[in-house]
There are 2 protein chains.
Amino acid sequence: MRIGELASRSGVSVRALRYYEEQGLLTSLRSPAGQRVYPEPAADRVRLIQLLYSAGLSSRTILELLPCVESQVATPESAARLGAERERIDAQIAELTAVRERLDEVIAMSLDPAHNCEYRPV
Amino acid sequence: MRIGELASRSGVSVRALRYYEEQGLLTSLRSPAGQRVYPEPAADRVRLIQLLYSAGLSSRTILELLPCVESQVATPESAARLGAERERIDAQIAELTAVRERLDEVIAMSLDPAHNCEYRPV
DNA sequence: CTTGCCTCTGACGTCAACGTCAGGTTTTAG
DNA sequence: CTAAAACCTGACGTTGACGTCAGAGGCAAG
């Protein structure tokens, strides 16, 4: 498949796919005329890349971890990186959970008619 | 207290504090000579701002939600925003959890000596 | 053949949350 | 009083993951 189809199948932009290739995260074959051609599994790979990006990993980190995430085999250096990223993600989840709780408190208050006595619409 | 002390107490840079003020998230009194002066509770406010930033909220969103998060009172518009941010945070936690699981799988594999047969150090 | 869409490379634009530097004033320690 | 440290405003620099545009070539349909 060509780049436009991969883009729509994986839900990212054409520009993003070229960027991933530039970063070494994605490879492509080329047609005789020089157009990028991808095999079927590329869509899954792109979705995985997007998932890792959305978890806050950088291109460089994804580049390092993608091989072992896909192959399920880690080198010692990768294992260290994996652990570090795991810790970062745990911390991030903790922060998000804390903020969610604060928001929930306010939401609960705003739904409690007995508490809303301080707000008066104009 | 002055800006340097607030910075060290709240764990952010002086530049960041001035930026927060520029964004309307933080107010300050001024000494006769024009230096910023903060009351004690400012440190808590700054830490709350940082927490919200770390949860991925933008300045604009924080500006809108900070009053009701601190006062525990929400206007109808703010309530809508609160709900939207809560959903975003839920989704983000779900993504982080998914990535953490993938990483954990790889970590478990790399710790399993019976599986490591594919990796040979040079 | 040509029209219209897809693709190419290369390069500049964007946006947020600050970092950093310049040039000047204020506060504090001695 | 003086030097160091802290502060001021204003402005330009940074970073990552793309968006967007220009100019040129490729490809299926009628």
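In what follows, chains carry the letters A, B, and so on, assigned in the order in which the sequence lines appear, proteins first and then strands, with residues in each chain numbered from 1.
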Counting only side-chain heavy atoms from C-beta out, which of [options] sits nearest to [X]?
X: R36(B); options: dC8(D), dC18(C), dC18(D); answer: dC8(D)
X: Q50(A); options: dT26(C), dC18(D), dC8(C); answer: dC18(D)
X: R18(A); options: dA17(C), dT9(D), dT7(C); answer: dT7(C)
X: R15(B); options: dC12(D), dC18(D), dA17(D); answer: dC12(D)
X: R2(B); options: dC18(D), dT27(C), dC18(C); answer: dT27(C)

How long is the line joining [atom1] of [X] and [atom2] of [N], in whole Å?
X: L51(B); N: dA17(C); atom1: CG; atom2: P; answer: 15 Å
X: Q35(B); N: dC7(D); atom1: CD; atom2: P; answer: 7 Å
X: E5(B); N: dA5(D); atom1: CD; atom2: C1'; answer: 15 Å
X: E22(B); N: dC8(D); atom1: CD; atom2: C1'; answer: 14 Å
X: I3(A); N: dC8(C); atom1: CD1; atom2: P; answer: 5 Å
X: R30(A); N: dG26(D); atom1: CZ; atom2: P; answer: 14 Å
X: L26(B); N: dA17(C); atom1: CG; atom2: P; answer: 15 Å
X: E21(B); N: dT9(D); atom1: CD; atom2: P; answer: 8 Å

Taking every heavy atom of L17(B) against every heavy atom of S10(B), the minimum-distance pair comes out as CD2-OG, 4.5 Å
So, is [X] near the phosphate of [N], with a side-chain N or O under 4.0 Å from OP1 or OP2?
X: S13(A); N: dG19(D); value: yes
X: S58(B); N: dA17(C); value: no
X: Y19(B); N: dC18(C); value: no
X: Y20(A); N: dA17(D); value: no
X: S59(A); N: dA17(D); value: yes

Do the side-chain N and O atoms of Y20(B) and Q50(B) include a donor-acceptor pair separated by under 3.5 angstrom?
->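 There is such a pair between these side chains.
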Fill in: Residue closer to the 5' end of DNA chain C, V37(A) versus P32(B) (nearest nucleotide)
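Going by which nucleotide is closer to the 5' end, it is V37(A).
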Charged N to carboxylate O below 4.0 Å: is that the case for [X] and [Y]?
X: R100(B); Y: E85(A); answer: no
X: E21(A); Y: R30(A); answer: yes
X: E5(A); Y: R9(A); answer: yes

